[in-house]
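We use all heavy atoms of the structure for the numbers below, so side chains are in, but hydrogens, waters and symmetry mates are not. Whatever order the structure lists ligands and atoms in, that order sets their numbers, starting from 1.
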Amino acid sequence: MANPFTLGVASGEPLPDGVILWTRLTGVPGRAVEVGWQLAADERFTKIVQQGTARALPAWAHSVHVRVAALRPGTEYFYRFRAGTDLSAVGRTKTAADPASSDLVRFAVANCQRYEHGRYTALRHLADERPDVVFHVGDYIYESPQAADPVRRLDRPGAAVTLADYRARYARYKSDPDLRAAHAAAPWVATWDDHEVLDNYRGRGDGSAAFLRRRAAAYQAYYEHLPLRVRPEAGALQMYRRRTYGRVADFMLLDVRQYRDAATMLGAAQEQWLVSRLTSTPVRWKVLVQPLFFARRFVPGPAPNLRLDSWDGHPAERARILAAAGGLVVLSGDVHNHWACDLKADFLDPSSPPAGAEFVCSAVSSRPPETDAEAVLAANPHIRHFDGHRGYLSGTAGATGFRVSHKGLEASGVRTVAEFITDGLRIIRVDV
Ligand SMILES: [Fe+2]
């Protein structure tokens, strides 16, 4: 039998004392398969810290989610899996900082990796940085039929609808070595946007049994292919959560799809959870990690001038979040270009007090839309910077500073196209 670890390895959901280790077997018989795992202090596995076995079940596509606990905070580990005599690749992971720590956190942000639109070179450069944690803010897959003029082809070009379709789509994406390298380089904390299920869907969609079946299949496949701490139940998956790094950074991951309807982006329970943490956290940096453009963005020209699928569709909810935070950093994506924005209590009032800073991450591979960036910058004084390269964000949060770089891909490699420093109320420095 061929080596079953073709989809690679991953880790995620770092806590000060634990992480999730993930893999998924391919080409194995349709019954439970025993998988051994090892976690070591060194890359050559001479100092084993913990080991055990897990069962890969066909009902979960032979995925494995090992919950490792009792680890040391802020510590690097290495892990691998074994099935029979076959070994997986080796992954590197790192636990979150001790709750009392003031250590710097090094993070990266990526999103929007449509397979047919391009290669995952951005993820290879991200992997080379070996950050403490990687945030993925959505469009991990695209459910859509294969795009016109593909740079590379899907094996199954139709839209994903069934569980088998979604599983096959993830397997195709994970056939990319740069995506596997990015997972093997650091623990990931991911949230989803729309394309993990269906373009621009909200909540329960049209409410039909067919849509709810499709959503449940998509949520299950998402779980099966990512190192998540919780599994879906009855067609729902708990995604909003926080990952805290010492006294330095409180990263709050939002779910902007599952509970959404015309009246709300987050739903009452998620908003209450968020506002409660924003008003009580003792941590220096309050960081929203979520898919959608958060600042107001007026696009001159023919209507509609505001994009209602983003936070401009829910301005009152946005204002409540900003008011509760009293200083916020937002890491977002979705629009396939880099942007950097000041956040305002009232975006239409030039004298409105500063309320935070947003860094919008460009796409790994998805094609950018037609954007008249000059006109958008002119019409929105709080939007400070635009860059059209594909890439990712690289940043650090420390006891006294928060810094974010726009990383842009060029033929010769990757480059820092702009660097920003924020005090949590506004962007205080831009280096281009
Ligand atoms: Fe996208």
Side-chain angles (χ1 to χ4, degrees), residues 108-123 126 134-152 154 157 159-160 166 169-170 172-174 176 178-179 182 188-202 205 215 218-219 221-222 225-226 239 253-258 260 265 288-295 297 299 306-313 330-341 358-371 373 376 386-393 406-409:
V109 182
N111 77 139
C112 291
Q113 50 195 36
R114 189 158 179 172
Y115 184 83
E116 325 91 276
H117 279 187
R119 305 208 161 264
Y120 294 161
T121 314
L123 292 176
L126 181 155
V134 175
F135 297 108
H136 197 283
V137 293
D139 292 354
Y140 188 100
I141 60 156
Y142 285 68
E143 90 297 349
S144 329
Q146 179 163 280
D149 307 320
V151 171
R152 50 184 178 169
L154 295 171
Y166 284 107
R169 188 62 51 96
Y170 281 96
R172 185 61 162 189
Y173 276 52
K174 283 182 183 277
D176 184 287
D178 294 333
L179 177 57
W188 282 38
V189 183
T191 189
W192 53 32
D193 194 19
D194 54 340
H195 282 290
E196 285 85 352
V197 178
L198 175 66
D199 187 21
N200 277 342
Y201 88 99
R202 299 174 162 212
R215 196 185 85 158
Y219 285 7
Y222 184 82
H225 293 85
L226 282 156
M239 288 292 285
L253 281 287
L254 300 188
D255 179 343
V256 297
R257 293 291 165 188
Q258 191 169 189
R260 187 154 166 198
M265 177 75 89
L288 278 198
V289 183
Q290 57 89 40
L292 302 176
F293 208 105
F294 194 76
R297 190 171 59 144
V299 180
L306 294 174
R307 206 175 134 202
L308 300 182
D309 182 59
S310 75
W311 283 92
D312 278 329
V330 180
L331 305 175
S332 63
D334 180 47
V335 293
H336 306 176
N337 282 308
H338 284 313
W339 297 85
C341 316
E358 177 179 16
F359 304 98
V360 182
C361 181
S362 189
V364 166
S365 62
S366 305
R367 288 176 183 140
E370 289 286 339
T371 302
V376 174
F386 165 87
D387 183 87
H389 290 83
R390 286 174 177 150
Y392 62 97
L393 304 183
H406 283 166
K407 294 289 185 177
L409 285 185

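The angle that Asp139 OD2 and Tyr142 OH make at the Fe ion (ligand 1), rounded to 10°, works out to 90°.
Counting heavy atoms from C-beta on, the side chains of Val376 and Phe386 never come closer than 4.5 Å. Looking at Arg297 and Val335, their side chains come closer than 4.5 Å, going by heavy atoms from C-beta outward.
Note: Phe293 and Trp311 fail the aromatic proximity criterion, with ring centroids not under 6.0 Å apart. Between Trp339 and Phe359, a ring centre-to-centre spacing not shorter than 6.0 Å is recorded.
Metal site remark for the Fe ion (ligand 1): Ser366 contributes no N, O or S atom at a distance under 2.8 Å. Counting backbone and side-chain atoms alike, His195 contributes no N/O/S atom closer than 2.8 Å to the Fe ion (ligand 1). Taking backbone and side-chain atoms together, Asp334 has no N/O/S atom less than 2.8 Å away from the Fe ion (ligand 1).
Taking the six-membered ring where tryptophan is involved, the planes of Tyr120 and Tyr173 are tilted, since the angle between them lies from 30° to 60°.
Atom NE2 is the N/O/S atom of His336 found closest to the Fe ion (ligand 1).
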